[in-house]
Amino acid sequence: MDIDNKARIHWACRRGMRELDISIMPFFEYEYDLLSDDEKRIFVRLLECPDPDLFNWLMNHGRPEDEELFNMVQLIQSRNQARGPVAQ
């Protein structure tokens, strides 16, 4: 997926699992444009992972073996936490 195709990336962020949507969508909306191109590529790679893996990683029930993906999960968690709770 092209890192500049924001419409496609936005669509890929919509996971259909509420817990994932409230983690991934705000990060994309508020942070994606601030990422470096390398970070954008890693984020896109993360979106290609299966939902159960994403859920486990974002809920701290395990971690990706790939260190870059792990760092992106941590970045998503820290940036979301810094912005505060999302209205539900």
Side-chain angles (χ1 to χ4, degrees):
M1 188 177 340
D2 179 5
I3 63 170
D4 294 318
N5 188 343
K6 287 184 64 177
R8 184 171 169 114
I9 296 167
H10 183 264
W11 182 256
C13 288
R14 299 179 64 176
R15 307 307 284 205
M17 182 185 284
R18 183 180 175 139
E19 295 85 353
L20 290 178
D21 288 345
I22 63 174
S23 292
I24 295 172
M25 290 301 292
F27 180 81
F28 175 74
E29 291 170 2
Y30 294 105
E31 308 292 342
Y32 187 79
D33 291 334
L34 304 174
L35 298 176
S36 70
D37 285 351
D38 285 338
E39 290 171 321
K40 288 177 182 178
R41 285 191 222 13
I42 296 165
F43 180 71
V44 167
R45 273 199 313 122
L46 186 69
L47 293 177
E48 294 168 351
C49 295
D51 286 356
D53 290 340
L54 285 175
F55 176 81
N56 285 331
W57 299 337
L58 289 166
M59 300 301 139
N60 295 315
H61 301 300
R63 61 171 279 178
E65 291 181 17
D66 182 302
E67 200 63 29
E68 289 180 330
L69 293 181
F70 178 62
N71 290 336
M72 182 54 62
V73 167
Q74 290 184 310
L75 181 64
I76 291 169
Q77 291 171 326
S78 66
R79 297 271 178 93
N80 285 347
Q81 186 175 22
R83 270 193 317 281
V86 176
Q88 300 183 19

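We use all heavy atoms of the structure for the numbers below, so side chains are in, but hydrogens, waters and symmetry mates are not. Heads up: numbering here begins at 1 and tracks the sequence. Keep in mind it's a predicted model, so treat the numbers as computed, not measured.
Rounding to the nearest 0.5 angstrom, the gap separating the CZ atom in Arg83 from the CZ atom in Arg79 is 8.5 Å. Annotation: the span from Ile9 atom CD1 to Met1 atom CE amounts to 6.0 Å, rounded to 0.5 Å. One distance of note links CG of Asn60 with CD of Gln74; it measures 8.5 Å at 0.5 Å rounding. Considering CD of Glu39 and CG of Asn71, their distance stands at 9.5 Å, rounded to 0.5 Å.
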For residues 48-56, please give each side-chain donor-acceptor pair under 3.5 Å, one per line with the distance, not counting sequence neighbours.
| residue | atom | partner | partner atom | Å |
| --- | --- | --- | --- | --- |
| Asp51 | OD1 | Arg15 | NE | 2.7 |
| Asp51 | OD1 | Arg15 | NH2 | 2.7 |
| Asn56 | ND2 | Pro52 | O | 3.2 |

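Connection of Phe70 to Leu58 is not established within any shared hydrophobic cluster, with ILVMFWY side chains joined at heavy-atom distances below 4.5 Å, either directly or through further cluster members. Taking hydrophobic clusters as Ile, Leu, Val, Met, Phe, Trp and Tyr residues chained together by side-chain heavy-atom distances below 4.5 Å, Leu69 shares a cluster with Leu47. The hydrophobic clustering, which links ILVMFWY residues whose side-chain heavy atoms are closer than 4.5 Å, places Trp11 and Phe28 apart.
Under the 4.5 Å side-chain criterion, counting only non-hydrogen atoms from C-beta, Glu29 is not in contact with Cys13. Side-chain contact between Ile3 and Leu35 is absent, with no heavy-atom pair separated by less than 4.5 Å. A 4.5 Å side-chain heavy-atom check between Met72 and Arg45 finds every atom pair outside the cut-off. Taking the side chain as every heavy atom from C-beta outward, Ile24 and Leu46 never approach each other to under 4.5 Å.
Asp38 is linked by a side-chain contact (heavy atoms from CB on, under 4.5 Å) to Ser36, Arg41, counting only residues two or more places apart in sequence or in another chain. Remark: Asp4 engages Asp2 in a side-chain contact (heavy atoms from CB on, under 4.5 Å) (not counting sequence neighbours). Applying the ring-ring contact (aromatic ring centres under 6.0 Å, His included) test to Phe27 and every residue at least two apart in sequence or in another chain returns Phe43. With sequence neighbours excluded, no residue satisfies side-chain contact (heavy atoms from CB on, under 4.5 Å) with Glu65. Residues satisfying the side-chain contact (heavy atoms from CB on, under 4.5 Å) test with Ser78, not counting sequence neighbours, are Leu75.
Within a 6.0 Å sphere centred on CZ of Arg63, other residues, nucleotides and ligands contribute more than 12 heavy atoms.
Scanning both residues, Asn80 and Ser23, for their nearest heavy atoms gives ND2-O, 2.7 Å. Between Tyr32 and Lys40, the shortest heavy-atom contact is O-CE, 3.2 Å.
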